[in-house]
Amino acid sequence: MASTEEDGSVEEKENNNKKRTKSAIAVAWLTFYNIAMTAGWLVLAMAMMRFYIQKGTHKGLYKSIARTLKFFQTIALVEVVHCAIGIVRTSVIVTGVQVCSRIFMVWFITNSIKQIQNEESVILFLAVWTFTEITRYSFYTFNLLNHLPYFIKWARYNMFIIMYPLGVAGELLTIYTALPYVRKTGMLSMRLPNKYNVSFDYYYFLVIVMLSYIPLFPQLYFHMLRQRRKVLLGEIIVEKDE
Ligand SMILES: CCCCCCCCCCCCC/C=C/C(=O)SCCNC(=O)CCNC(=O)[C@H](O)C(C)(C)COP(=O)(O)OP(=O)(O)OC[C@H]1O[C@@H](n2cnc3c(N)ncnc32)[C@H](O)[C@@H]1OP(=O)(O)O
C-alpha cells in the first residue's frame, strides 16, 4: 500500500514536472521569439530613420528595407501556430486575420506593385506597424520576464486606439492607389479562355479585400478595446468560444 502511494506520488511528481518542463519550454521559446521580433522591428525603425535623415526623402525607403520587412512580417505566421497549439491565450481567428492581412499587404501589394512603393501611404502604414510591433513585442517580453514597466503596458493598451485606424488608413489608401496599375497590367489575373477554364480578376479581388475591412476591422478593434478593459481596468471578460 505504502509502495502504491509512493508510486502514485512519484507518478504525480513526474506529471507535474513534465507540465512544468513543457510550460518552461513554451516560456523560453516565447521569450526568445519576442526578443528576436522586438530586435527585428527596432532594426527596421532605425533603418527607416537613417534612410530619411541621410536622403531627406521617403522615396526609395521601402526598397531599402523591403527584405528585412518581408522577413520579420512573414515570420509572424508563427503566432497563428502559437494560438493553435495553445501556448498563448489568443484566438486563432483574430490573430490569423491580423497576420494574414499584413502578409498580404507586404507580398501581394507593396512588393508586387513597384509603382506604389514610394507612396506616402506606404510610409504611413510602415511607421505605424513598426511603432506598434516594437511596443507589442517588448510588452510580451517584459511580461514573460515578470518585469513589465508600466509605460510599456500603457502604450500597448492605449496607442492602438490611434495607431490601428491610422495603419488601416495607410493600408486602404495603398490598395486604392494600386487599383489602376492592377487594372492596366492585369497582374495576377486569369482571363478566359485558358486551359484550367478558370477566371480570376485581381482588380475585383482587391475591391473585395478593401470591402472586407468594413466587417473585419471593427472586430479586431473591439477585441483590443476588450483586452484594454481587462488589462488596464481589471474587468473580467467572458470570451465566447472561437
Ligand atoms: C487574403 C487576404 C486577406 C485580407 C483580409 C483583409 C481584412 C483585414 C481587416 C483588418 C486589417 C487590420 C490590419 C492591421 C493593421 C495594423 O496592424 S495597424 C497598426 C496597429 N495595430 C495594432 O495595434 C495591432 C493590434 N493587434 C494585436 O495586437 C494583435 O495582433 C491581436 C491578435 C489583434 C490582439 O492580440 P492578443 O494577443 O489577442 O491580445 P494581447 O492582449 O496582446 O494578448 C492576449 C494574451 O496572449 C498573450 N500573448 C499573445 N501573444 C504573445 C506572445 N507573442 N508572447 C507571449 N504572450 C503572448 C498575452 O500575453 C495575453 O496573455 P494573458 O496575459 O495571459 O491574457
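These numbers come from a predicted model, not from an experiment. Start at 1 and go down the list; that is how both ligands and their atoms are numbered.
- Checked against a 3.5 angstrom limit, the closest N/O atoms of Y157 and ligand 1 fall inside it.
- Atom CG in L172 sits 9.5 Å away from atom CG in L211 (nearest 0.5 Å).
- Listed by number with element, the atoms of ligand 1 under 4.0 Å from a non-hydrogen atom of E171 are 13 (C), 14 (C), 15 (C), 16 (C).
- Taking the ring axis of Y203 as reference, the NZ or CZ atom of R183 stays within 45° of it and closer than 6.0 Å to the ring centre.
- Taking the six-membered ring for Trp, Y150 and W154 have ring centres at least 6.0 Å apart.
- Polar contact with ligand 1: absent for W129 (N/O pair, distance under 3.5 Å).
- At a 4.0 Å heavy-atom cut-off, ligand 1 does not touch M159 at all.
- For ligand 1, the polar-atom distance check finds an N/O of Q98 within less than 3.5 Å of one of the ligand's N/O atoms.
- At least one N/O-N/O distance between T90 and ligand 1 falls below 3.5 Å.
- Contact annotation for L220 and ligand 1: only side-chain heavy atoms (C-beta onward) come within less than 4.0 Å of the ligand.
- Contact annotation for F131 and ligand 1: no heavy atom of the residue comes within less than 4.0 Å of the ligand.
- Taking a cut-off of under 4.0 Å to the non-hydrogen atoms of G167, the atoms of ligand 1 that pass are 18 (S).
- The option with the heavy atom closest to atom 42 (O) of ligand 1, from among R156, R136, M105, Q227, is R156.
- Ring orientation note: the planes of F205 and Y202 are close to parallel, at an angle under 30° on the 30°/60° scale.
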